[in-house]
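First comes the structure, then the notes that go with it.
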Amino acid sequence: MPDTDDILLSMKDLCIEGRTDEEWLDIVKGVDLELRKGEVLGLIGESGAGKSTIGLAAMGFARDGCRISGGEITFDGIDMRKAGEATKRRLRGRRIAYVAQSAAASFNPAHKLIDQYSEGPVKHGVMSRDEAESDATDLYRRMQLPDPDSIGFRFPHQVSGGQLQRAMTAMAMACRPDLIIFDEPTTALDVTTQIEVLAAIRDIVEQFDTAALYITHDLAVVAQMADRIKVLLKGEEVEESDTRSMLANPTQDYTKSLWAVRTHARLEQPPVGEGRPVLSIRNVTAGYGSVDVLKDVSFDIHPRRTVAVVGESGSGKSTTARVITGLLPPRRGEVLFNGEALPPDFRRRSRDQLRQAQMIYQMADTALNPKLKIRELVGRPAQMYLGLRGKALEERIRELLSLIEMDPDDYIDRLPSELSGGQKQRIGIARALAAEPQFIICDEVTSALDQLVAEGILKLLDRLQGEFDLAFMFITHDLATVKAIADEVVVMKDGVVVEKGPKSEMFQPPHDPYTELLLSSVPEMDPDWLTGLLKARATAADG
Amino acid sequence: MSHIVNMILKRIALGILTLFVVSLIIFLATELLPGNFAQEILGQSATPETVAALRRQLGLDQPMHVRYAIWLTDVLRGDFGESLANGMAVSELIGRRLGNTLYLALYAAAIAVPLSLALGILAALLRNSFFDRFANASALTSISFPEFFVAYILIFLLAGAGGAFPSMANFRGDPSFGEFLYRAFLPALTLTLVVTAHMMRMTRAAIINLLASPYIEMAHLKGMNPMRVIVKHALPNALAPIINVIALNLAYLITGVVVVEVVFVYPGLGQLMVDSVAARDMPVVQGVALVFAAAYVFLNLAADVLATLSNPRLVHGR
Amino acid sequence: MGLFTGLFWLAIAVVLGLAAGWVFRMAVAAASPRPIARELRTAPLTASFGMLIILIYVLLAVFAPLVAPFPETEVVGTEYQPWDNVHLLGTDNLGRDMLSRLIYAARNTVGIAFVTTALAFILGVMTGLLAASVGGWVDQVLSRAVDVLMAIPALIFALLLLTIVGTSIVNMILVIALIDSTRVFRLARAVAMNIVVMDYVEAARLRGEGLLRLNLREILPNAMAPLVAEFGLRFCFVFLMISALSFLGLGIQPPTADWGSMVKDNATLISFGDITPLLPAGAIALLTVCVNFVVDWQLHRASGLKE
């Protein structure tokens, strides 16, 4: 039994409700939680699990439209539900601090970083303004920010995302709180940036022996950060144990299924022969204004193959898609379809050329017209390209819905708003299939979805490829997805193809240095991974 | 820094260009006037000779672009031509009344701007309270009232039998400043009521819009009190929309004065404009319209420049 | 009448109005099919009251000849008769029945304002959607033209144009519709711009849909909610502008009954403590308030769903 004096934060049977249209719905349904001083507890779950809401509740805070409806929250002997606003204000920022998901949105654009840093300590009477400024510089240095002496005097928009996230962690540390709530602090960052932020956060939490609630949806990340892990599902606890035993042998089916996600793998395809590629991108240079976003990009996509285009934000992978679809005519180079050059501007392409190349979007929410029914969304391409009318059209729509494993009778007359995220993405797939194309661009189709749902979508795409001889171009930043679905990989950085080749070669050394960095930065489900990696990188730098 | 100077210079150039195009529209509008301008002045009984003489005298026999150039250079020198109704110089007619109109608009603005900002911030702070709902409903109501309705209600309540204020703004005998404030009180109050409601609602909306931002939540989570959150964290970011609201309403005051001046028989530009439109006294209408448009363009320009200067993203480049 | 008595009666009127709104909301909700009824029940009392009054105005406008006790333009008594049993609200400056003219004005003023707003909308929405969906130089030309037109204050521009084309009802409708369509253009373009960047519009373009279908099926249905609310706001604006012009003697011309000119013609009575000339002004104010109440509810509903 742990010593009860050691307990910093405890929640008993916590219930939180949220309001939708005049009705109160349960978001958190009776969660218990205990956190000792200096301990890091990982809260993990998919969207809608209520993990952020629990994190804010630890500060006695509920967002507009939410209310804490039951249970106890005790922070160091203080009843946070009964405490008055003034008491809670004295705790917030002073003894419990918060690090938000998007630092770019959570820093006030009107004030310099150091002013926002000093505000807490000065207003809480912890230090004077001068002390706070020199303290900020010290913490910026410890967080390994560049130019720690001057970076504080910049405005948020003058600092990059990864640096802002570290500056925000420094700000949370300003009053040396007993507890920090980290709410998905690295979710919005690229993998190579994520490493730096993770390392800096872990360092500083250890140095000051601060307790933390680390909220995330990424198991591999939480494995690096937390001493214990609690798994949440739809506002309820699934299980909790210390990190190593949780990773070694999860007891609940749901937890196991989360582990299983990363195991889907496509069967190895025979190597591509001399056959003609469906799509061939030849020496394409393209960009906006005077800036070249793509520089001399070339690669081929063969029938029945999936080519994954991988890169971080700004690498030019989405721009490549825009060139192929004809939304952005290239400055130089061309796109060949079945050996024939496509007109650069989509408005000059024939209906058949438009039909042959379809697209599935990342955000199914914005990819489906919210005012049209499924019938029209899926039926329109079939009507337009294949001239189907009346009964034939109806039959075809039903067939397509069956293909994406949705019951036609149930769904054909629904609006997109009546579907879940995964179902919307399936409708996006059906719409692409309706045109009976040879080639489909999948733009980050799984990155907005929870892992289990994403898994289903990948399996579906895999099956459809076999049934309809489709070629896929898969744009993604997620290497786990690449491993799961690709035959060939194209790695891009700053508008240039860094490396390309079959998947089996790509995941075997030797690599191009950037591919190496990218591959090694993907968190692994091993609690010692981050420590090991940082050590290896340090030795490599020394040697 | 040079970046923002550039932006502001461009905006000013655009303002001047706009004014130029506006002057062109106002000039061309006269050209569309159906019928013969000179004939209209002289009446149906005029002989062809006198009409032709007048046309020459007015320069109407010149081609259009030449006349525009002459007209524009005259206007830039402050010469708006002569009134068709009484032969007085338009610039003199305008000059005398422009001051009166400006005083009235400033009088109203001096009350309305601070009042509505304070009410708007208060309503945002106490949102969904009884005060907020009451302020909102009354603002909505007063926005919906035609200016002359507000004016006549005020006359009914505060002037007339036993009323404390004069219902007609009489400026005979060069009144003192205090006397002016007293005599112009009802027109100024009418304008104040009309614009305050609108400004208050938009100030409140601008602030509430920001209250959903993550950085406002962050300020709460740093333990800052609600007043500080609004004043220190929301207000600096709401400056641009609030500046725009103020400019929009000051511009609205300019239009609003027309009706209010007529109700209170206030000797201002609006009164002059209405009289001239009724008499189809084109040079005067042109001149007054140009003055109103210039004020309008200038206000929008000032608002844009101030809003740019209040945005740290623009002032401090990357 | 003291200020406090006035406030007392005002309070009574507000309570009665809200009560009438409540009864109306219940009655309509009970008579409508379920989904509409559910939305109606969420309407605040102010909006219910607003809908009730708008309905009454519309009925009065349509059935004016049946409701009005006297003809619109006929002189039926002496000038400025006080309120009595025959002429419930007295007579005007020429001896015409005040009540009848008030009722006929509902038809004239509201009808003209509605036609003008509708015209402004057709013009503004069509050009606004076109600018957003075509983009490029079409957008540039339209937007810059509107910028310049909006640099002249609306009332002043209307006065200028009316001086030129002369004051008649048709001219006034056209002039105000033109001026107001610039404001509609701005909003329609802004709303459509937010929709045009959506992936589903891109998907439709890539599918090869024509401009007409793109606008009618993909953009317009998603722009309807803000546009409908804007229609209410623009109606109020146009209505107030027409009233102001008529009040200035430059809008709807005699002998057509119209609220703005009725205020002007009988304004002298106010100095004698007679509130009759305030009635047409009050009629304008009441309708505008009611439309605003309904619009406010709709805007709140549209934005409330996002929060």
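Chain A is the first sequence line, chain B the second, and so forth, proteins listed ahead of strands; every chain is numbered from 1. Computed over heavy atoms, backbone and side chain alike; hydrogens, waters and symmetry mates excluded. Computed from a predicted model, the values in this text were never measured in an experiment.
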Practice problem: Counting only heavy atoms closer than 4.5 Å, note whether B/Arg133 contacts chain C via side chain, backbone, both or neither. | Solution: neither
Quiz item: Does any heavy atom of chain B fall under 4.5 Å from the side chain of C/Met150, the backbone, both, or neither of them?
Solution: backbone
Practice problem: Could you tell me which of C/Val291, C/Ile284, C/Asp147 has the largest number of non-hydrogen atom pairs under 4.5 Å with chain B? | Solution: C/Ile284
Exercise. Please look at B/Ala251 and chain C and tell me whether the side chain, the backbone, both or neither of the residue comes under 4.5 angstrom of a heavy atom of that chain.
Key: neither
Quiz item: Which region of B/Leu17, side chain (C-beta onward) or backbone (N, CA, C, O), has a non-hydrogen atom less than 4.5 Å from a non-hydrogen atom of chain C, or is it both or neither?
Solution: neither
Quiz prompt | Donor + acceptor pair across side chains of B/Tyr266, B/Thr101 (<3.5 Å) | solution = no
Self-check item: Distance-minimising heavy-atom pair for C/Val238 and C/Ala113
Solution: CG1-O, 3.8 Å
Self-check item: Residue pair C/Asn292, B/Ser144: steps toward the side chain to side chain donor-acceptor pair (under 3.5 Å) verdict
Solution: CA-CA 7 Å; C/Asn292 265 320; B/Ser144 312; 2.9 Å; yes
Quiz item: Judged by modelled atom types alone, do C/Asp274 and C/Thr276 share a side-chain donor-acceptor pair under 3.5 Å?
Solution: yes
Self-check item: Region of C/Leu149 that comes under 4.5 Å of a non-hydrogen atom in chain B
Solution: side chain
Self-check item: Test log, rule side chain to side chain contact (heavy atoms under 4.5 Å, CB included), inputs C/Val146 and C/Arg189
Solution: CA-CA 11 Å; C/Val146 163; C/Arg189 179 181 173 276; over 6 Å; no
Quiz item: Among B/Val297, B/Val22, B/Leu19, who wins on heavy-atom pairs under 4.5 Å with chain C?
Solution: B/Val22
Quiz prompt | Contact class of C/Leu278 relative to chain B, heavy atoms under 4.5 angstrom | solution = both
Quiz item: Given the options B/Thr141, B/Leu140, B/Val274, B/Val262, which has more heavy-atom pairs under 4.5 Å with chain C than any of the others?
Solution: B/Leu140
Practice problem: Supply the atom-to-atom distance B/Thr203 OG1 to B/Ile208 CD1, rounded to the nearest 0.5 angstrom. | Solution: 11.0 Å
Quiz item: Any side-chain donor paired with an acceptor under 3.5 Å for C/Asp258 and C/Ser246?
Solution: yes
Quiz prompt | Top contributor to chain B contacts, counting heavy-atom pairs under 4.5 Å, from C/Ala285, C/Ala244, C/Gly249, C/Cys290 | solution = C/Ala285
Practice problem: Report the option among B/Val258, B/Asp281, B/Val288 that has the most heavy-atom pairs separated by less than 4.5 Å from atoms of chain C. | Solution: B/Val258
Quiz item: In terms of heavy-atom proximity below 4.5 Å to chain B, should C/Ser243 be classed as side chain, backbone, both, or neither?
Solution: both
Quiz item: Checking heavy atoms, do the side chain of C/Ile156, its backbone, both or neither come under 4.5 Å from chain B?
Solution: both
Practice problem: Could you check which of C/Leu287, C/Thr46, C/Ile275, C/Asp296 has the highest count of heavy-atom pairs closer than 4.5 Å to chain B? | Solution: C/Asp296
Quiz prompt | Residue selection (most heavy-atom pairs with chain C, distance under 4.5 Å) from B/Thr18, B/Val259, B/Leu290 | solution = B/Val259
Quiz item: With a 4.5 angstrom heavy-atom cut-off, which part of B/Phe148 approaches chain C: side chain, backbone, both or neither?
Solution: side chain
Quiz prompt | Proximal component of C/Phe237, with respect to chain B [non-hydrogen, under 4.5 Å] | solution = neither
Quiz item: Does a side chain donor of either C/Asp265 or C/Ser261 reach within less than 3.5 Å of an acceptor in the other side chain?
Solution: no
Self-check item: Taking every non-hydrogen atom, the tightest pair across B/Leu72 and B/Ser23
Solution: CD1-OG, 3.8 Å
Quiz item: Given a strict heavy-atom distance threshold of 4.5 Å, which part of B/Val277 is in contact with chain C: side chain, backbone, both, or neither?
Solution: both
Exercise. Would you check if the side chain of B/Gln271 reaches a backbone N or O of B/Glu261 as a donor-acceptor pair within less than 3.5 Å?
Key: yes
Quiz item: Near B/Phe131 CZ, under 6.0 Å, is it more than 12 heavy atoms from other residues, nucleotides or ligands?
Solution: yes
